[in-house]
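Both backbone and side-chain heavy atoms feed into the values below; hydrogens, waters and symmetry mates do not. These numbers come from a predicted model, not from an experiment.
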Amino acid sequence: TDGVFMCGDWIDRSGHASWSTEKAVVTGRQAAAAIASDWKLSIEADVIPAAPDTPQLNALRQTAQLLRSVKPPPKEIPPSPWAFVKDVLDSRYQ
């Protein structure tokens, strides 16, 4: 939608696989650049591309995907990853 700009760690932007504070900063810079462009302003808001995922991060992503396939998270409120894992593990031993 024209004129709508969003930023934050929850924004899914292809090309930058960062999480948390880093993603909030990156998307904030991207939103600022888009607003400046709309207003015909010139700003420097370059973003350094994220490094490729490490094997450890790939393993973590695969584990999270597996956990979500075993027990999908509730639709109301996204749980803390740690609370979700605890619930899955607790339900296995009951």
Distance-only donor-acceptor pairs under 3.5 Å for side chains of residues 62-73, two or more places apart:
{"residue": "Thr63", "atom": "OG1", "partner": "Ala59", "partner atom": "O", "Å": "2.8"}
{"residue": "Ser69", "atom": "OG", "partner": "Leu66", "partner atom": "O", "Å": "2.7"}

*Could you list the residues that satisfy side chain to side chain contact (heavy atoms under 4.5 Å, CB included) with Thr54, not counting sequence neighbours?*
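Scan of Thr54 (side chain to side chain contact (heavy atoms under 4.5 Å, CB included), adjacent residues dropped) gives Gln56, Leu57.
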
*Those residues that, when tested against Ala45, pass side chain to side chain contact (heavy atoms under 4.5 Å, CB included) (two or more places apart)*: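 With sequence neighbours excluded, Ala45 shows a side chain to side chain contact (heavy atoms under 4.5 Å, CB included) to Arg29, Ala33, Ile43, given in chain and number order.
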
